[in-house]
Amino acid sequence: MSCQFPTIWVLTGVGERYKPIDSVIAAAELLLGAWPSAGGKAYLRALQACLDALQDSEPVGVVPGALMLAADEAFVSYIRVVSDTTVGEPMVPARRVN
């Protein structure tokens, strides 16, 4: 079983550098060791997602979303690169609607 997922860069504190999180183990270590608040519902769901993924009862792909929800809840900054997998079609920039 692969516990890897596309990298999410997480900033847990002022003066810190973004930490690359690209596996269930790294996500669990971040949540347990360096998370600024350990009491929210999304935080607990993210921990449970990590545990479930490690026990093969949930897919690994659930962890990144749970981690980002926990980050939103705790006002933790993160960057996730999303690539356009559509081949052959040019990307059209979003337009502002007035």
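Worth saying up front: this structure is predicted, and the values here are computed from it rather than measured.
Heavy-atom minimum distance, Thr12 versus Val76: CA-CG1, 4.3 Å. Across all their heavy atoms, Val24 and Cys50 have their closest contact at CG1-O, 3.5 Å. Among all heavy-atom pairs drawn from Ala49 and Val63, the shortest one is O-CG2, 3.7 Å. Closest approach of Leu67 and Ala27 over heavy atoms only: CD2-CB, 4.3 Å.
Sorted by first then second residue, the side chain to side chain donor-acceptor pair (under 3.5 Å) pairs that include residues 23-49, not counting sequence neighbours, are Gln48-Asp52. Screening residues 62-80 for side chain to side chain donor-acceptor pair (under 3.5 Å), with sequence neighbours left out, gives Asp72-Tyr78.
Residues Leu47 and Leu54 share a hydrophobic cluster, clusters being chains of Ile/Leu/Val/Met/Phe/Trp/Tyr side chains in contact below 4.5 Å. Ile79 is connected to Leu11 through a chain of hydrophobic side-chain contacts under 4.5 Å among Ile, Leu, Val, Met, Phe, Trp and Tyr, so both are in one cluster. Linking Ile, Leu, Val, Met, Phe, Trp and Tyr residues whenever their side-chain heavy atoms come within less than 4.5 Å leaves Leu69 and Leu44 in two separate clusters. Both Val10 and Met68 are members of a single hydrophobic cluster when ILVMFWY side chains are connected at heavy-atom separations under 4.5 Å. When the side chains of ILVMFWY residues are joined at heavy-atom separations under 4.5 Å, either directly or via intervening members, Tyr18 and Leu30 end up in two distinct hydrophobic clusters.
Note: Phe5 CZ to Asp22 CG = 6.5 Å, rounded to the nearest 0.5 Å.
With sequence neighbours left out, Pro59 forms a side chain to side chain contact (heavy atoms under 4.5 Å, CB included) with Val62.
Counting only heavy atoms from C-beta outward, the side chains of Thr7 and Val81 never approach each other to under 4.5 Å.
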